[in-house]
Trainee: 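Can you keep this structure in mind? I'll have questions shortly.
To find a chain, count down the sequence lines: A is the first, B the second, and so on, and within it residues start at 1.
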There are 2 protein chains.
Amino acid sequence: MLLPVIMAGGTGSRLWPLSRELMPKQFLKLCGDTTMLQATVQRLQGLEFETPLVICNEEHRFIAAEQLRQIDRLNHNIILEPVGRNTAPAIALAALTAIRQGQDPLLLVLAADHVIQDSETFHQAIAKATTLAQADQLVTFGIVPTAAETGYGYIRRGVATSPTDQAFSVAEFVEKPGLTTAQQYLESGEYYWNSGMFMFKASVYLAELKQFRPEILAACEAAISNVEPDLDFIRVDKEAFSACVADSIDYAVMEKTTKAVVVPMAAGWSDVGSWSSLWEISSKDQAHNVHLGQVFQHNSQHNYVYAETGIVATVGLQNTVVIQTKDAVLVAAKDKVQDVKNIVQQLKAAGRSEHYIHREVYRPWGKYDSIDNGSRYQVKHISVKPGEKLSIQMHHHRAEHWIVVHGTARVTINEHEQLLTENQSVYIPIGAVHSLENPGKIPLELIEVQSGAYLGEDDIVRFSDRYGRS
Amino acid sequence: MLLPVIMAGGTGSRLWPLSRELMPKQFLKLCGDTTMLQATVQRLQGLEFETPLVICNEEHRFIAAEQLRQIDRLNHNIILEPVGRNTAPAIALAALTAIRQGQDPLLLVLAADHVIQDSETFHQAIAKATTLAQADQLVTFGIVPTAAETGYGYIRRGVATSPTDQAFSVAEFVEKPGLTTAQQYLESGEYYWNSGMFMFKASVYLAELKQFRPEILAACEAAISNVEPDLDFIRVDKEAFSACVADSIDYAVMEKTTKAVVVPMAAGWSDVGSWSSLWEISSKDQAHNVHLGQVFQHNSQHNYVYAETGIVATVGLQNTVVIQTKDAVLVAAKDKVQDVKNIVQQLKAAGRSEHYIHREVYRPWGKYDSIDNGSRYQVKHISVKPGEKLSIQMHHHRAEHWIVVHGTARVTINEHEQLLTENQSVYIPIGAVHSLENPGKIPLELIEVQSGAYLGEDDIVRFSDRYGRS
């Protein structure tokens, strides 16, 4: 029995402005029509595996749930980390969850924000790892390097585990090298990139963790002992988990255990750690440009150009990344994209919101987009999914006008219920208790015009909320 | 008596996406708080002059009128060209208009889309030209070259008109030179850039035009003989003016007349013919960047960055122009900006509208911005100036919801009149005859939500329009 454990806790800023704190890389459609999280699950198609356990931050829970629902893999299987404690505790939570369900599956630990282009080779590596993990080994997948990368840690292989199976003992984990060292690693043929993917029995991992870092295991056991599923989520006890030491599985277990083995893999892997690495793995036109959306080019080569809305035009442009979103544009030299984090720091220091949130905001019931605002008013486009309902709420400082432009709304104002359909409108006075629901089978789209002296998101009194937010 | 004649007929695409066919360069605020048209008038401050005559295309008439009104220079003084016929006929229309009013002023012909940084030197040149024009000379202003420009025509000077006044006869007009020739021109000290600015008596210009191109004069006389002022506009007869030959004042008169003199001027002149020339004349930060709007930079030098809405961030960027508008972003190498016209051609060929119109559209009564749209609906932010009124109208295919968010509206629906103020709304059914007016003293802002099967701007039946559009 194979249980994928998908680590979806990243909050990377390296792909800003597309990735934001509330919408990090793993939830974006960076390669094709599915998000990276969804692609991580779908890449396993063809193998036999259980419904994956997904581990993510509490603030991303509704996005993760919606994305798993879309691919039919949502089944009380999202573990919410109240705080980040690195990979050793996160994997322990998953292993304990599996054991509590009375089973001892093989855990296949995957990152939700990596790309693997060759699924067949990936599946072959999993098959090799399965044999080893069933024999109580802790398997790490080593990526066969294709360049002298200085941005990754490396694994030096030891002796072959058998003459035929092309797996090796782990001789050494090494930190990110300098360029000369990386070049030597590449030429030696004995080093692999440390991908952060693993396979082992839940019980074996927990036993090793108990041996080397018993305090981490104890904290995780305390954090998960009394939790009950809440909607789609497995909520971890915040106080107990906060007391856990933060450490990576590499340091806590893999470097210490005698059971570590490495399975080499050459499957077109990338951690998509920057706009330039995304350019490298994306399909390009004849001028070596990647272009997504409404892009017009003249005499431009080797660029990555993304137009979310409206058009982007380039003239005489080379080796540049242009990312246009609804509220922010990034233009960066392709060999300087690692400095995007400097812009994110500037935005934080300036008290802006563009590093944190998109103009379009996801909610468990759907989403809204702030399409216009000014003194004493704001206009939102609100989308409610079929069958979903916003909380029963009241505002102290604003009145609202709702105009339905698609679908049907069930609106309750001070206990008076009515159905509104396309081209109908309703007015919600200041102080009125109101709720909005989509009782239909198609999305509900409405325009909300807010009017009042204070229009902050925090002017909301929730009386009842089906998503546990009241 | 000095009568400025301001040529505002350009439809340049070289500053796209800020300039569009419906909003060309002369109407933009490219340098400071006033538009280029307004700056052209205000640059004359300190001289004695009549209310300027402004010549522009019919489709720009409301923009020109609004901009002149803002600086208190609107007084039935906008000549509308029904078709473009180049400068010789346009100046003839202005000269004939002046003569018809019973006067023979000195015409000071200026382009509405040039920058002159040193007003004092400009005024001194005008003073010199005034003496010469009063003596029946045709004066052209020659810009003392500061570089070997290949993008301008040149004027070779002849003999000095007097030992003291630093004006010269015109020896020759020459076409745009190659780089080597331009270098020779620059070094010789005998050549000036042809600025397209002139001064002469109206009667003298008309007399010279009659001598060299009598058919142009005749066509212009026919085109303007029967026109009456219409609102703020002097409308030229379309049929008669269309029959006129197109020609420049240089070819038609200046190269032929014996009365041409050139007054040299070194006043920080620029025709702002490209994004790079705008960068050159704009004030820069220590890293030689020009930045307007919410711009965040890291390790970036020698750029022109304009953020109309939202933020623009640059990382490791050099010598690049980034222009962000509500519906289009341009990223261009600064030494390739002349190729922006290629993008404009691509947009035309693709049947787009972004070369023609901005998302924000100006109307005589104010403006609107299309802030959201989808299947069967569209949302507009409408701004109506105090005292202004939209046409009485009706739509066959759409209903409209109006929500006032600022100011007061007088709304008439099927002859029922009502006043709406902030936070009030009204519904206009399909087929209802309706009108909207701002009876107040502050701008009226409202959100319009359109709903229907067809939402094109042409679904409008106008019953009455105070701006002559019904």
Side-chain angles (χ1 to χ4, degrees), chain A residues 16-17 294 296-299 303 305 307 309-318 320-322 324-333 335-337 339-340 342-343 346-347 350 352 354 359 369 371-372 374-377 379 381 399 401 403-406 422-423 425 427 445 447 449 451-452, chain B residues 16-17 294 296-299 303 305 307 309-318 320-322 324-333 335-337 339-340 342-343 346-347 350 352 354 359 369 371-372 374-377 379 381 399 401 403-406 422-423 425 427 445 447 449 451-452:
Chain A
W16 184 88
Q294 300 178 68
F296 291 79
Q297 299 169 96
H298 174 71
N299 183 24
N303 303 302
V305 184
T309 176
I311 65 178
V312 174
T314 70
V315 173
L317 199 71
Q318 272 84 34
T320 304
V321 170
V322 182
Q324 184 261 0
T325 69
K326 285 179 179 172
D327 60 355
V329 175
L330 168 71
V331 184
D335 60 354
K336 296 289 189 316
V337 286
D339 290 341
V340 168
N342 179 288
I343 298 291
Q346 285 189 47
L347 293 173
R352 310 278 317 195
E354 288 87 351
R359 210 185 76 175
D369 185 5
I371 56 178
D372 189 23
S375 169
R376 298 176 60 85
Y377 78 93
V379 187
H381 181 140
H401 298 258
I403 301 107
V404 174
V405 294
H406 184 74
E422 191 179 304
N423 195 30
S425 67
Y427 175 65
E445 310 281 337
I447 306 300
V449 180
S451 183
Chain B
W16 184 89
Q294 300 176 66
F296 292 79
Q297 300 170 93
H298 174 69
N299 183 23
N303 303 301
V305 184
T309 177
I311 65 179
V312 174
T314 69
V315 172
L317 199 70
Q318 273 84 34
T320 304
V321 170
V322 182
Q324 184 261 1
T325 69
K326 285 180 178 171
D327 60 354
V329 175
L330 168 72
V331 184
D335 61 353
K336 296 290 190 317
V337 286
D339 290 341
V340 167
N342 178 287
I343 297 291
Q346 284 189 47
L347 293 173
R352 309 279 316 197
E354 287 88 350
R359 210 186 76 175
D369 185 6
I371 56 178
D372 190 23
S375 170
R376 298 176 58 86
Y377 78 93
V379 186
H381 181 140
H401 298 258
I403 300 108
V404 175
V405 294
H406 184 75
E422 191 179 304
N423 195 30
S425 68
Y427 175 65
E445 310 282 337
I447 305 301
V449 180
S451 183

Trainee: Between A:Arg359 and chain B, with a heavy-atom cut-off of 4.5 Å, which part of the residue counts as in contact: side chain, backbone, both or neither?
Mentor: neither
Trainee: Mind checking the NZ-NZ spacing from A:Lys326 to B:Lys326? Nearest 0.5 Å is all I need.
Mentor: 15.0 Å
Trainee: Check whether any side-chain heavy atom of B:Val315 lies under 4.5 Å from a side-chain heavy atom of A:Ile343, and answer yes or no.
Mentor: yes
Trainee: Report which part of A:Val379 has an atom under 4.5 Å of a heavy atom belonging to chain B: side chain, backbone, both, or neither.
Mentor: side chain
Trainee: Measure distances from B:Leu330 to the heavy atoms of chain A and classify the residue's part below 4.5 Å as side chain, backbone, both or neither.
Mentor: both
Trainee: Judged by atom type as modelled, is there a donor-acceptor pair below 3.5 Å linking the side chain of A:Gln346 to the main-chain atoms of B:Phe296?
Mentor: no
Trainee: Flag the one option from B:Asn342, B:Val312, B:Asp327, B:Leu317 with the top tally of heavy-atom pairs under 4.5 Å to chain A.
Mentor: B:Asn342
Trainee: What's the shortest heavy-atom distance between A:Val329 and B:Val329, and which atoms?
Mentor: CG2-CG2, 4.2 Å
Trainee: With a 4.5 angstrom heavy-atom cut-off, which part of A:Ile447 approaches chain B: side chain, backbone, both or neither?
Mentor: side chain
Trainee: At a 4.5 Å cut-off on heavy atoms, which part of A:Ile403 comes close to chain B: side chain, backbone, both, or neither?
Mentor: side chain
Trainee: Heavy-atom cut-off 4.5 Å, strictly under: side chain, backbone, both or neither for A:Thr320 against chain B?
Mentor: side chain
Trainee: Checking A:His401 against chain B: side chain, backbone, both or neither under 4.5 Å from a heavy atom?
Mentor: side chain
Trainee: Picking from A:Gly374, A:Ala328, A:Ala399, A:Gly310, which has the most non-hydrogen pairs under 4.5 angstrom with chain B?
Mentor: A:Ala328
Trainee: At their closest point, which heavy atom of B:Ile311 faces which heavy atom of A:Arg352, and how far apart are they?
Mentor: CG2-NH2, 3.4 Å
Trainee: With sequence neighbours left out, write down each residue that passes salt bridge (charged side-chain N to carboxylate O under 4.0 Å, His left out) with B:Asp372, or none if nothing qualifies.
Mentor: none
Trainee: Which one wins on heavy-atom pair count under 4.5 Å against chain B: A:Ala313, A:Pro17, A:Ala307?
Mentor: A:Ala313
Trainee: Mind checking the OG1-NZ spacing from A:Thr314 to B:Lys336? Nearest 0.5 Å is all I need.
Mentor: 12.5 Å
Trainee: Is it the side chain or the backbone of B:Asp339 that comes within 4.5 Å of chain A heavy atoms, both, or neither?
Mentor: both
Trainee: Using heavy-atom distances under 4.5 Å, tell me whether B:Val322 contacts chain A through its side chain, its backbone, both, or neither.
Mentor: side chain
Trainee: Looking at OG of A:Ser451 and CD of B:Glu422, how far apart are the two atoms once the value is rounded to the nearest 0.5 Å?
Mentor: 4.5 Å
Trainee: Considering all heavy atoms of both residues, which atom of A:Ala333 and which atom of B:Gly316 are nearest to each other, and what is their separation?
Mentor: CB-O, 3.1 Å
Trainee: Side chain from CB out, backbone as N, CA, C, O: work out which of these in A:Ala350 comes under 4.5 Å of a heavy atom of chain B, or both, or neither.
Mentor: side chain
Trainee: Side chain, backbone, both or neither: which part of A:Asn423 has a non-hydrogen atom closer than 4.5 Å to chain B?
Mentor: both
Trainee: Please classify the contact between B:Asn299 and chain A as side chain, backbone, both or neither, with a heavy-atom cut-off of under 4.5 Å.
Mentor: side chain
Trainee: Which value, rounded to the nearest 0.5 Å, describes the distance between A:His381 atom NE2 and B:Ile371 atom CD1?
Mentor: 11.5 Å
Trainee: Which one, B:Asp335, B:Leu347, B:Thr309, leads in non-hydrogen pairs under 4.5 Å with chain A?
Mentor: B:Leu347
Trainee: Excluding sequence neighbours, so at least two apart, what forms salt bridge (charged side-chain N to carboxylate O under 4.0 Å, His left out) with B:Glu445?
Mentor: none
